[in-house]
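Presented below is the structure to which this report refers.
Below, chains carry the letters A, B, ... as their sequence lines are ordered, and counting in each starts from 1. The figures here come from the full heavy-atom set of this structure, side chains too, leaving out hydrogens, waters and symmetry mates.
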There are 2 protein chains.
Amino acid sequence: MKRTAQDISYSDDTAQTARFAKALSHPVRLTILKYLNNQSCCFTGDLVEVLPMAQSTISQHLKELKEAGLIQGDVNPPRIKYCIHQKNWNKAQELFEVLFNKDFDKISCC
Amino acid sequence: MKRTAQDISYSDDTAQTARFAKALSHPVRLTILKYLNNQSCCFTGDLVEVLPMAQSTISQHLKELKEAGLIQGDVNPPRIKYCIHQKNWNKAQELFEVLFNKDFDKISCC
DNA sequence: ATTTGTTATCGCAAATATACGATGAATAAA
DNA sequence: TTTATTCATCGTATATTTGCGATAACAAAT
């Protein structure tokens, strides 16, 4: 019985890092995150004004960021206020730090 | 004349960060990078032994990592030695650091 | 109860990503 | 020259992503 890619199970950290990276892999989502991280929380409508794309498209990107855990939305009728999900944002930062951290005993060969 | 998502041009850093993030967004590629970063350079065959997937699939992931600039391959007939592309790897680290870095004048509202 | 403002979701089309087996290319060894 | 080894590339099938317009959902105001 042959093993294929479907059988692979990755460590929690690897899977989580990949999930975060995927959320960060689109320039629109990066723009949204930078906006939230640097300026303030905002409403969907604020982003619709800034970004030249359909409202439905932006809403979809927000959904992906929310599902990845990087942002959170608080109902503030009739609007929804989006903010960085600080705890998960910190976790993502930590995972990327670990990823880029060389082990001290790395063997260099090139 | 309507503006759509196709018209958007992003800053170099945003585009580059997105490209790096996309390369990091698959657990197999993360596994390869961790392997290279923590242990040593390696040949494609080493990865084929470690990862339970088709050789062609692994080769494809290596190609994507190479195209993203995160690794480099040195011909070492009949094999190819893959290593982290240190300069671009450092650049990626820097871009993610900037991404997660809060500006000091951030306005907190939630 | 109806209307308004805001945002999410649906349905679709096009593009991209993922994985595989089969084949090709290149070099070293026989 | 042939063979063996190693790795890339091709062709293909399936799944996921991206983007849009249209529509639904929901609370607040009228």
Side-chain angles (χ1 to χ4, degrees), chain A residues 1-10 14-15 18-32 35-36 41-68 71-83, chain B residues 1-10 14-15 18-32 36 41-68 70-83:
Chain A
M1 173 171 165
K2 194 170 152 198
R3 268 152 55 90
T4 71
Q6 324 310 327
D7 304 319
I8 306 179
S9 77
Y10 302 94
T14 298
R19 241 173 279 132
F20 282 143
K22 185 183 266 184
L24 299 175
S25 74
H26 195 290
V28 166
R29 291 195 289 271
L30 285 177
T31 303
I32 292 171
Y35 190 87
L36 290 177
C41 302
C42 70
F43 302 108
T44 305
D46 298 332
L47 295 167
V48 174
E49 281 177 29
V50 172
L51 301 169
M53 352 173 46
Q55 176 263 324
S56 60
T57 303
I58 293 170
S59 189
Q60 208 168 292
H61 283 299
L62 287 169
K63 186 184 179 186
E64 286 174 47
L65 287 172
K66 197 165 60 179
E67 283 174 353
I71 64 174
Q72 64 191 107
D74 300 317
V75 179
N76 200 335
R79 296 180 286 185
I80 296 183
K81 187 178 67 178
Y82 282 106
C83 313
Chain B
M1 173 171 166
K2 194 170 154 198
R3 269 154 55 92
T4 70
Q6 323 311 327
D7 304 320
I8 307 178
S9 75
Y10 302 95
T14 298
R19 242 174 279 131
F20 282 142
K22 185 183 267 184
L24 299 176
S25 73
H26 194 290
V28 166
R29 292 195 288 270
L30 286 177
T31 303
I32 292 172
L36 290 178
C41 302
C42 71
F43 302 107
T44 307
D46 299 333
L47 295 166
V48 173
E49 281 177 29
V50 173
L51 301 169
M53 355 175 41
Q55 177 263 326
S56 60
T57 304
I58 292 170
S59 189
Q60 207 168 293
H61 283 299
L62 287 169
K63 185 184 179 188
E64 285 175 46
L65 287 172
K66 197 165 59 178
E67 283 174 355
L70 292 175
I71 65 174
Q72 63 190 109
D74 300 318
V75 178
N76 200 335
R79 296 180 284 185
I80 296 183
K81 187 178 67 177
Y82 282 106
C83 311

Hey, which sits more toward the 5' end of DNA chain C by its nearest nucleotide, A:Gly45 or B:His26? A:Gly45
Counting any heavy atom closer than 4.0 Å, what does [X] reach on the DNA or RNA strands: base, sugar-phosphate only, or nothing?
X	value
B:Thr44	sugar-phosphate
A:Gln60	base
A:Lys22	sugar-phosphate

For the pair made of [atom1] in [X] and [atom2] in [N], what is the distance, rounded to whole Å?
X	N	atom1	atom2	value
A:Asp74	C:dT6	CG	C1'	16 Å
A:Glu64	C:dT7	CD	C1'	16 Å
A:Lys63	D:dA24	NZ	P	17 Å
A:Phe43	D:dA27	CZ	P	17 Å
A:Tyr10	C:dT18	OH	C1'	11 Å
B:Lys66	D:dC7	NZ	C1'	10 Å
A:Ile80	D:dA25	CD1	P	15 Å
B:Leu47	D:dC7	CG	P	9 Å

Proximal nucleotide (of D:dC20, D:dA8, C:dT7) relative to the B:Tyr82 side chain: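 Nearest listed nucleotide: D:dA8.
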Counting only side-chain N and O atoms of [X], is one of them less than 4.0 Å from OP1 or OP2 of [N]?
X	N	result
B:Thr57	C:dT18	no
A:Arg79	D:dC26	no
B:His61	C:dA19	yes

Does the side chain of [Y] come within less than 4.5 Å of [X]'s, by heavy atoms?
X	Y	answer
B:Leu36	B:Cys83	no
B:Phe43	B:Asn76	yes
A:Leu47	A:Leu62	yes
A:Tyr10	B:Val28	yes

Using 0.5 Å steps for rounding, measure from the OG1 atom of A:Thr57 to the CG atom of A:Leu51.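 Spacing of OG1 (A:Thr57) from CG (A:Leu51) equals 10.5 Å.
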Nearest-nucleotide 5' precedence on DNA chain D, A:Arg29 against B:Val48: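 On the 5' side of the pair lies B:Val48.
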Determine whether any donor atom in the side chain of B:Gln55 lies under 3.5 Å from an acceptor atom in the base of D:dA8, or the reverse, and answer yes or no. yes
